[in-house]
Amino acid sequence: MTAVTACAAALVLTSAPDTGAAAAAPLGAGLFPTSWYEAPVIRERPSWLPADLSRDATVILVPGTSDFTEVTGDDIVGGSSAVGGDQYERTVSIGFYDPNDPQVRFVDYPQAFGFVVGDTTLNLVGTGTYNDSVDAGTVAGLAAAEAAWAAQGKTGTIILNGYSQSVPVAMNVAYLLHQKSLAGDPDAIPDADVVVINGADTRFPNTGIESVFPSIIDGVYTNGPRDESATGDIRVISYCVRGDAVCGLGNPLAHPFATLFYLGPGATIHGQKGDLVNQYDVISQTQVGATTYVVLDGGNPWGIFLRSMGIPVPTAFDDALDELVPVPMPGERSTVNGVDIPTPRELQVQIAAKLGLPVPVTDPDAMAAAGQTWKAPPLTTTPRTTTPITTSANTTGRAATTTTTPVTTTDRQSLGDVLSGLATIAVGSTTVTGSSAPAPAPSSTGDDAPASTSATSAVTSATPAS
């Protein structure tokens with residue numbers, strides 16, 4: 001598998017926290033210190049989140065890729081949601097919004113990952129391209145935020161919450177809300193009343209996959225790093241775990257071996273460990289305008305990966321491997337002998353500028369910066385029906401679909417588990433399927449079975465976890 005394919009696989013992944021699936025006993029249980037094993041999930045509001053964050057607030061929770069996991073709760077508007085269970089588990093359930101117990105509204109959108117080759121859309125997860133999925137989520141997220149603001153009497157706080165693919169959705173909504181405020185819209189939500197909480201932003205500065213990977217694949221065009229001023233005075237808190245292959249990707253032009261070496265375990269961190277962030281140390285906290293970037297450290301990615309399989313690993317292993325093959329630090333520029341090395345996407349931008357060519361972008365803030373206008377797709381709400389992985393003829397758009405072999409999953413095994421394994425194979429390690437102790441997350445797309453949808457097509461949630 002090429003590194004490009006592995007990067008695409010990593011981008012698909014969003015975490016699926018453990019929900020009690022049977023786990024094998026850890027190797028050598030009782031023979032080694034507990035620190036050699038993966039620690040249990042901790043429920044506690046992270047120190048890097050404001051204490052008053054969720055007072056008089058509504059959380060607009062945007063699910064990540066293929067998060068068609070049902071969830072119920074007293075804090076959920078309507079009592080339940082057919083989507084977003086995994087994102088709920090990695091945020092609400094581990095104390096992000098404690099102790100105020102705010103209302104939670106879910107954004108239902110395609111959550112798809114596909115791209116276009118010639119006249120065909122290849123649907124890796126769901127139906128439709130990644131870029132189209134984000135656009136549809138942006139429209140749905142904006143509607144959800146404005147509905148919540150009206151429902152709470154236009155007072156309090158609206159919290160936009162995203163992870164991986166849903167970070168662009170949340171940030172696009174924040175950008176559009178800020179633009180409405182700038183335009184003097186009397187119904188606009190003031191910047192001071194909006195907060196964004198992001199995990200594993202694809203556009204994390206310097207090391208986000210959209211900041212590193214060039215914008216060359218139709219349907220997965222990348223938008224580059226963010227301009228923090230584009231969301232005005234809206235508070236943004238963006239966290240990334242060291243080694244995460246989506247927000248902490250290495251620069252292959254500066255450190256090709258380290259980038260590839262950590263890609264597999266980095267996909268595991270991204271895809272399976274989203275509910276473990278309260279275990280991790282804060283190693284960096286940087287303020288840029290109204291945005292705070294937080295970098296967390298849970299150990300060397302290979303140490304995290306091995307412990308997730310129930311293999312006892314001393315912390316000295318992590319330290320030694322860190323020295324031998326330094327882990328890319330989220331948010332930092334790549335240098336070689338003190339010389340700054342541009343990312344592949346930065347090289348693309350430089351070359352395109354010299355040739356007078358545009359670099360494709362799709363997010364509304366990136367399009368505005370390029371002098372283009374973002375066109376919102378229609379907001380649609382449709383019933384969900386089970387759909388298999390497909391390829392779509394693209395001769396007259398991206399709607400015609402030809403059904404191929406269905407993929408079904410149970411016990412929260414998802415297409416993401418397969419993709420995580422493929423990303424791991426890319427660096428020559430062992431594919432992981434199912435759960436192993438001590439209680440690793442059994443899914444890796446953040447999501448359950450790959451249900452599919454588009455802005456105008458119907459989908460349903462896959463079979464929920466028991």
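Every value quoted in this text rests on a predicted model; they were computed, and no experiment measured them.
Note that the CD1 atom of I60 and the CG atom of L160 stand 6.5 Å from one another [nearest 0.5 Å]. Expressed to the nearest 0.5 Å, how far CG of L142 lies from CD1 of I189 amounts to 8.0 Å. Summarising the geometry, atom CG belonging to D101 is positioned 8.0 Å from atom CG belonging to D74; distances are rounded to the nearest 0.5 Å. Going from atom CG of D191 over to atom CG of D233 covers 5.5 Å, rounded to the nearest 0.5 Å. In this structure, OG1 on T202 lies 12.0 Å from OH on Y163, to the nearest 0.5 angstrom. Once rounded to the nearest 0.5 Å, the distance linking OG of S308 with OH of Y37 reads 14.0 Å.
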Determine, step by step, whether F317 and W302 satisfy the ring pair (Phe, Tyr, Trp, His ring centres under 6.0 Å) criterion, reporting the C-alpha distance in whole Å, the side-chain angles of both residues, the deciding distance to 0.1 Å, and the verdict.
CA-CA 9 Å; F317 169 87; W302 279 105; 8.7 Å; no
As a quick check of understanding, evaluate salt bridge (charged side-chain N to carboxylate O under 4.0 Å, His left out) for R105 and D75, giving each step before the final call.
CA-CA 9 Å; R105 291 174 179 252; D75 56 349; over 6 Å; no
Could you go through V195 and I197, starting from their C-alpha distance and side-chain angles, then the distance that decides it, and tell me whether this counts as side-chain contact (heavy atoms from CB on, under 4.5 Å)?
CA-CA 7 Å; V195 179; I197 308 297; 3.9 Å; yes
Please assess R345 against T222 for the test side chain to side chain donor-acceptor pair (under 3.5 Å), listing each intermediate value before the final yes or no.
CA-CA 8 Å; R345 194 182 190 284; T222 60; 3.0 Å; yes
Residue pair N198, Y239: steps toward the side-chain contact (heavy atoms from CB on, under 4.5 Å) verdict:
CA-CA 6 Å; N198 293 329; Y239 65 93; 5.9 Å; no
Show, in sequence, the C-alpha distance, side-chain angles and deciding distance for V327 and N300, and conclude whether the side-chain contact (heavy atoms from CB on, under 4.5 Å) test is met.
CA-CA 7 Å; V327 181; N300 185 273; 3.6 Å; yes
Pair V241, V277 - check side-chain contact (heavy atoms from CB on, under 4.5 Å), show working.
CA-CA 8 Å; V241 177; V277 294; 4.1 Å; yes
May I have the step-by-step check of salt bridge (charged side-chain N to carboxylate O under 4.0 Å, His left out) for D322 and R242, ending in yes or no?
CA-CA 11 Å; D322 280 352; R242 187 179 71 118; 3.0 Å; yes
Given E146 and K180, is the salt bridge (charged side-chain N to carboxylate O under 4.0 Å, His left out) satisfied, shown in steps?
CA-CA 11 Å; E146 292 178 334; K180 287 193 173 189; 2.6 Å; yes
Apply salt bridge (charged side-chain N to carboxylate O under 4.0 Å, His left out) to the pair R226 and D201, showing each step before the final yes or no.
CA-CA 10 Å; R226 301 186 183 282; D201 185 6; 2.8 Å; yes
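When side chains are defined from C-beta on, V294 does not count as touching S238, because their heavy atoms never get closer than 4.5 Å. Between S166 and Y109 there is a side-chain heavy-atom pair separated by less than 4.5 Å. Annotation: side chain of R90 is not in contact with side chain of L276 (no heavy-atom distance under 4.5 Å). With a 4.5 Å cut-off on side-chain heavy atoms, F115 and Y130 do not count as touching. Under the 4.5 Å side-chain criterion, counting only non-hydrogen atoms from C-beta, V62 is not in contact with N161. Looking at D297 and Y280, their side chains never come closer than 4.5 Å, going by heavy atoms from C-beta outward. In this structure, the side chains of I94 and Y88 stay at 4.5 Å or more apart for every pair of heavy atoms. When side chains are defined from C-beta on, T259 counts as touching L249, because their heavy atoms get closer than 4.5 Å.
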Distance-only donor-acceptor hits, side chain of residues 44-52, under 3.5 Å, sequence neighbours excluded:
from : atom 1 : to  : atom 2 : distance (Å)
R45  : NH1    : L49 : O      : 2.6

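With 3.5 Å as the limit, one finds no donor-acceptor pair spanning the side chains of N172 and W374. In summary, the side chains of T65 and Q111 do not present any donor paired with an acceptor at a separation below 3.5 Å, with no hydrogens or angles considered. Checked by atom type, the side-chain pair T207/E332 shows no donor-acceptor distance below 3.5 Å. A donor-acceptor pair shorter than 3.5 Å can be found between the side chains of T69 and D86. For the residue pair D318 and T315, no side-chain donor N or O sits within less than 3.5 Å of a side-chain acceptor on the partner.
Between D187 and K154 there is a salt bridge, since a side-chain N of the basic residue sits under 4.0 Å from a carboxylate O of the acidic one. Between E38 and K273 a salt bridge is recorded (basic side-chain N to carboxylate O distance below 4.0 Å). Ion pair D363/R203 flagged as a salt bridge, since at least one NZ, NE, NH1 or NH2 atom sits closer than 4.0 Å to an Asp/Glu carboxylate oxygen. Salt-bridge annotation for D98 and R43: present, with a side-chain N of the basic residue lying under 4.0 Å from a carboxylate O of the acidic one.
More than 12 heavy-atom neighbours from other residues, nucleotides or ligands sit within 6.0 angstrom of CG on D227. The neighbour count for D56 CG, taken as heavy atoms of other residues, nucleotides or ligands under 6.0 Å away, does not exceed 12.
Here the side chain of S80 pairs no donor or acceptor atom with the backbone of T72 at under 3.5 angstrom. The closest donor-acceptor contact from the side chain of R307 to the backbone of V313 lies under 3.5 Å. Proximity of a side-chain donor or acceptor of T343 to a complementary backbone N or O of S211 within less than 3.5 Å is detected. At least one donor-acceptor pair under 3.5 Å links the side chain of E210 to the backbone N or O of N223. Between the side chain of D281 and the main chain of I283, no donor-acceptor pair closer than 3.5 Å is present. Here the side chain of T121 pairs no donor or acceptor atom with the backbone of V116 at under 3.5 angstrom. The backbone N or O of D67 lies less than 3.5 Å from no partner atom in the side chain of Q87, so there is not a single donor-acceptor pair. Within the 3.5 Å criterion, the main-chain N or O of P102 finds no donor-acceptor partner in the side chain of N100. A donor-acceptor distance shorter than 3.5 angstrom exists from the side chain of S54 to the backbone of Y97, with no hydrogens or angles considered. A distance-only check finds no donor-acceptor pair linking the side chain of T231 to the backbone of I234 [under 3.5 Å].
Pairing each heavy atom of V134 with each of P168, the nearest pair is CG1-CB, 3.9 Å. Scanning both residues, A170 and V196, for their nearest heavy atoms gives CB-CG1, 4.2 Å. Summarising the geometry of A140 relative to V107, their closest heavy-atom pair is CB-CG1, 3.7 Å, with the distance given to 0.1 Å. F305 approaches P265 most closely through the heavy-atom pair CB-CB, 3.9 Å. The shortest non-hydrogen separation linking Y262 to P328 is CD1-CD, 4.0 Å. Across all non-hydrogen atoms, the minimal contact from Q152 to G156 is NE2-C, 3.8 Å.
Checked against the 6.0 Å centroid criterion, the rings of F204 and Y293 qualify as a close aromatic pair.
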